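Reviewing the structure listed below.
Whatever order the structure lists ligands and atoms in, that order sets their numbers, starting from 1. Quantities reported herein were computed from a predicted structural model and do not represent experimental measurements.
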Amino acid sequence: MTEKLYHFIGGERVDGTSSRFGDVFNPATGEVESQVPLANANDVDQAVQSGMAAFQVWSKMSAPRRSQVMFNFRELLIGSMDELAAIVGKEHGKTIADAKGSIQRGVDVTEFACGIPHLFKGEFSSNVGGGIDTFSQREPIGVVGGITPFNFPVMVPLWMGVMAVACGNSYINKPSERDPSAPLFLGELWKKAGLPDGVWNVVNGDKEAVDALLQHPDVPAISFVGSTVVGEYIYHEGTKQNKRVQVFGGAKNHMIIMPDADMDQAVDALMGSAYGSAGQRCMAISVAVPVGEGTADKLIEKLTPRVQSLRYGPWNDPEADMGPVITGQAKERIEGYIEQGVKDGASLVVDGRGASLQGYEGGHFCGGSLFDNATTDMSIYQDEIFGPVLTTVRANDFSQAVKMVNDHEFGNGVAIFTRDGDAAREFANQVDIGMIGINVPIPVPLAFHNFGGSKRSKFGDTQMHGPESVRFFTKMKTISARWPSGIREGAVFSMPTAGS
Ligand code: NAD
């Protein structure tokens with residue numbers, strides 16, 4: 001009998017009222033480990049009602065009191081690192097070191113949220129005219145929804161959920177149905193941390209649950225991280241319901257390697273950023289753009305043996321560079337792209353298809369693949385493959401490389417490797433990309449900075465974590481106050497001005 005999972009609503013494990021379930025696999029074995037309930041609109045409504053009741057208490061707590069809960073949660077999160085990494089490894093497949101790194105990113109956001117009293121400070125102007133003082137204050141907005149992808153089952157729910165909760169909101173996470181156990185576990189940690197029941201809820205499910213959140217009149221804001229096609233739908237449907245929506249979508253991140261780059265550093269950087277987590281990161285580098293034929297030849301010569309010697313294995317193999325990909329369909333899709341790349345005429349320098357591991361024959365493993373001489377009209381260049389496949393497109397010069405980056409539909413991240421400060425500065429100014437690395441391959445900003453892409457990698461105005469997340473999860477009030485002592489001016493019918 002496979003284990004049956006649940007929802008986490010009002011601080012309790014709840015079965016829900018839907019009869020639909022989804023299979024949760026261990027990607028290293030390909031076996032079904034558990035079944036997750038797929039919520040219906042009633043289940044979503046139960047979570048919203050629970051969130052609304054909790055909001056009455058939590059939103060009225062002072063920011064320093066909320067901060068204490070964040071401090072408690074941080075301790076519990078750090079103390080549960082091994083257990084959480086194992087949960088992530090078993091359902092997602094990423095290696096233990098990679099899982100821990102991603103959990104640490106969640107710890108970072110929690111540390112940022114511990115400073116919520118400071119982040120909540122408003123603005124004040126004394127005597128703006130006629131003895132009036134004007135000040136602003138931030139207030140939470142209610143029960144907010146967070147729809148999250150499979151590839152970071154701890155980090156992404158915490159990116160949005162911690163900030164939503166720290167700001168005084170209640171939060172409903174709708175995790176990916178592929179790896180739902182980590183957010184459920186986080187619910188237990190929040191309870192131990194002293195968060196009132198109903199502030200952190202997890203409703204498992206698929207499109208039906210997402211649509212119920214989008215349609216619910218008592219959910220004023222939705223934060224989404226996932227693919228662009230789904231994100232665009234959520235942005236349009238959510239804003240149609242007058243909700244505040246932020247969407248962080250797909251990516252195709254380029255790394256430009258200039259002729260003066262330190263080639264060994266560039267190759268190390270490409271290996272980690274293209275093949276870490278089996279390429280299943282929104283900030284993975286999936287396109288290498290060496291500038292000049294000489295640079296390209298040197299790059300391919302150094303990269304090839306490194307890609308050939310990549311080691312894949314299950315999450316708990318300490319020697320593995322990467323784990324399996326999430327599902328059998330994902331493996332098929334990735335291998336389909338490789339086949340198409342070959343048909344389109346790109347040179348397949350390393351072929352990672354047909355990977356298999358003794359003792360894990362049912363696992364969804366892909367070896368590392370490397371293409372050279374691809375062109376921008378090929379699907380291996382245009383689409384997000386989301387697997388361990390690096391596509392090399394050679395550029396003649398700097399301008400061609402910049403044009404390539406700007407012409408691509410996605411704009412999440414980009415990196416340039418060079419020793420020329422002038423070229424790097426020009427590059428950062430010219431590219432329409434949200435996060436730029438200069439000799440930094442995965443330029444994911446730390447929690448106290450804002451995260452977000454450009455073009456079709458992001459819809460909505462505000463960024464993830466950093467000060468912008470406080471703006472997303474609060475509304476602003478501006479108050480003008482006067483305490484007149486016995487002075488009467490009589491009725492004034494003209495528009496008041498600062499001089500009055
Ligand atoms: P996905 O879009 O398939 O799923 C994301 C969420 O949307 C899940 O909770 C899923 O249940 C839900 N969903 C799926 N189909 C839906 C539908 N038709 N209607 C409503 N909801 C639906 O994404 P994924 O495969 O889980 O994650 C990988 C994608 O996420 C990649 O494109 C990756 O680039 C992106 N991603 C982006 C960022 C970022 O910050 N920009 C971070 C991580 C992942």
Side-chain angles (χ1 to χ4, degrees), residues 20 22 24 27 36-39 44 91-94 102 105-106 109 145-161 172-180 182-183 202-215 222-238 245-253 277-286 325-327 329-330 333-334 383-387 408-414 433-435 442-445 447 450-460 462-466 468-469:
R20 293 193 308 125
V24 181
V36 63
L38 303 174
V44 170
E91 288 186 357
H92 175 284
K94 63 177 85 191
S102 69
R105 287 290 185 143
V109 176
I147 300 156
T148 51
F150 82 83
N151 65 328
F152 286 109
V154 174
M155 182 181 85
V156 175
L158 291 182
W159 270 359
M160 51 177 86
I172 300 175
N173 185 209
K174 204 308 281 169
S176 167
E177 55 275 50
R178 311 268 172 248
D179 46 12
V202 179
V203 173
N204 283 306
D206 53 10
K207 184 175 188 321
E208 189 173 337
V210 171
D211 284 341
L213 272 174
L214 287 170
Q215 297 301 325
I222 301 272
S223 182
F224 171 87
V225 175
S227 61
T228 289
V229 62
V230 176
E232 193 168 21
Y233 164 78
I234 283 168
Y235 185 72
H236 288 300
E237 290 304 308
V245 185
Q246 54 171 196
V247 160
F248 302 85
K252 193 79 177 177
N253 306 314
S277 207
Q280 300 172 110
R281 290 184 185 137
C282 69
M283 288 294 277
I285 295 286
S286 46
V325 297
I326 188 73
T327 55
Q329 293 98 301
R333 199 197 64 239
I334 293 162
D383 297 351
E384 182 182 41
I385 300 176
F386 226 53
H408 202 284
E409 66 167 318
F410 294 127
N412 215 35
V414 73
I433 301 287
M435 292 168 284
I442 307 185
V444 178
N450 302 299
F451 173 107
S454 185
K455 296 188 277 180
R456 287 176 58 73
S457 292
K458 178 166 166 275
F459 301 91
T462 46
Q463 308 274 84
M464 187 65 83
H465 58 62
E468 289 244 325
S469 64

Do me a favour and list the nearest non-hydrogen protein atom to atom 26 (O) of ligand 1 with residue, atom name and distance? Phe150 N, 3.0 Å
Report the member of Gly249, Ala209, Gly453, Gly146 with the shortest heavy-atom distance to atom 37 (C) of ligand 1. Gly249
Is the shortest side-chain heavy-atom distance between Pro149 and Val156 below 4.5 Å? yes
Examine Phe224 against ligand 1 and note whether any of their N/O atoms are separated by less than 3.5 Å. no
Look only at interatomic distance and state if Lys174 has a nitrogen or oxygen under 3.5 Å from any nitrogen or oxygen of ligand 1. yes
With a 4.0 Å cut-off on heavy atoms, is Val156 touching ligand 1? no
Element-labelled atoms of ligand 1 that are located less than 4.0 Å from some non-hydrogen atom of Pro175: 9 (O)
If you define the side chain from C-beta out and look only at heavy atoms, does anything of Ser176 sit under 4.5 Å from Arg178? yes
With atoms numbered from 1 as shown, which atoms in ligand 1 lie under 4.0 angstrom from a non-hydrogen atom of Phe386? 28 (C), 31 (C), 33 (C), 34 (O)
Check ligand 1 against Ile147 and write out every atom of the ligand that is under 4.0 Å from a heavy-atom position of the residue. 6 (C), 7 (O), 9 (O)
Main-chain N/O of Gly146 paired with Asn173 side-chain donor or acceptor, under 3.5 Å: yes
Atom 16 (C) of ligand 1 [closest protein heavy-atom partner, distance rounded to 0.1 Å]: Val230 CG1, 3.6 Å
Tell me whether Ser176 reaches ligand 1 (any heavy atom closer than 4.0 angstrom to a ligand atom). yes
Tell me: protein heavy atom nearest atom 18 (N) of ligand 1, and distance? Lys207 CD, 3.7 Å
Below 4.0 Å from any atom of ligand 1, is there a heavy atom belonging to Phe410? no
What I'd like to find out is whether the side chain of Leu38 reaches to under 4.5 Å of the side chain of Glu177, using heavy atoms alone. yes
Is there side-chain contact between His465 and Phe451, with heavy atoms separated by less than 4.5 Å? yes
Please indicate whether any nitrogen or oxygen in Ser227 is less than 3.5 Å from any nitrogen or oxygen in ligand 1. yes
What is the nearest protein non-hydrogen atom to atom 44 (C) of ligand 1, stated with its residue, atom name and distance? Asn151 OD1, 3.2 Å
Are Leu214 and Ile234 packed together at the side-chain level, in the sense that at least one heavy-atom pair is separated by less than 4.5 angstrom? yes
Can you list the atoms of ligand 1 that are under 4.0 Å from a heavy atom of Phe451? 40 (O)
Could you check atom 27 (O) of ligand 1 against the protein and tell me its nearest heavy-atom contact, residue, atom and distance included? Pro149 CB, 3.3 Å
Going through the distances and angles, do Tyr235 and Lys458 end up as a side-chain hydrogen bond (donor to acceptor under 3.5 Å, both in side chains)? CA-CA 10 Å; Tyr235 185 72; Lys458 178 166 166 275; over 6 Å; no
Close-contact set for ligand 1 against Asn412 heavy atoms, below 4.0 Å: 41 (N)
Under 4.0 Å and counting heavy atoms only, is there anything from the protein next to atom 4 (O) of ligand 1? no
Closest non-hydrogen protein atom to atom 31 (C) of ligand 1, residue and atom name please, with distance? Glu384 OE1, 3.4 Å
Walk me through whether Ser223 and Gln246 qualify under side-chain hydrogen bond (donor to acceptor under 3.5 Å, both in side chains). CA-CA 5 Å; Ser223 182; Gln246 54 171 196; 2.8 Å; yes
Is it true that Asp206 and Arg20 make a salt bridge, defined as a side-chain N closer than 4.0 Å to a carboxylate O? yes
When you check the gap from the basic side-chain N to the acidic O, do Lys94 and Glu91 get nearer than 4.0 Å? no
Compare all side-chain heavy atoms of Ser286 with those of Ile385 and state whether any distance is below 4.5 angstrom. no
Lys252/Glu409 ion pair, N-O < 4.0 Å: no
What protein heavy atom sits nearest atom 8 (C) of ligand 1, and how far off is it? Thr148 O, 3.2 Å
In the protein, what heavy atom is nearest to atom 36 (N) of ligand 1, and what distance, to one decimal place, separates them? Cys282 CB, 3.6 Å
Quick one: which ligand 1 atoms are inside 4.0 Å of a heavy atom on Glu177? 10 (C), 11 (O)
Per-atom contacts of ligand 1 with Gly250, taking only distances under 4.0 Å to non-hydrogen atoms: 32 (O), 34 (O)
Would you check if Pro443 and Met283 make a side-chain contact, meaning some heavy-atom pair closer than 4.5 Å? yes
Can you confirm whether Gln215 sits close enough to Glu237 that some side-chain heavy atom of one is under 4.5 Å from a side-chain heavy atom of the other? yes
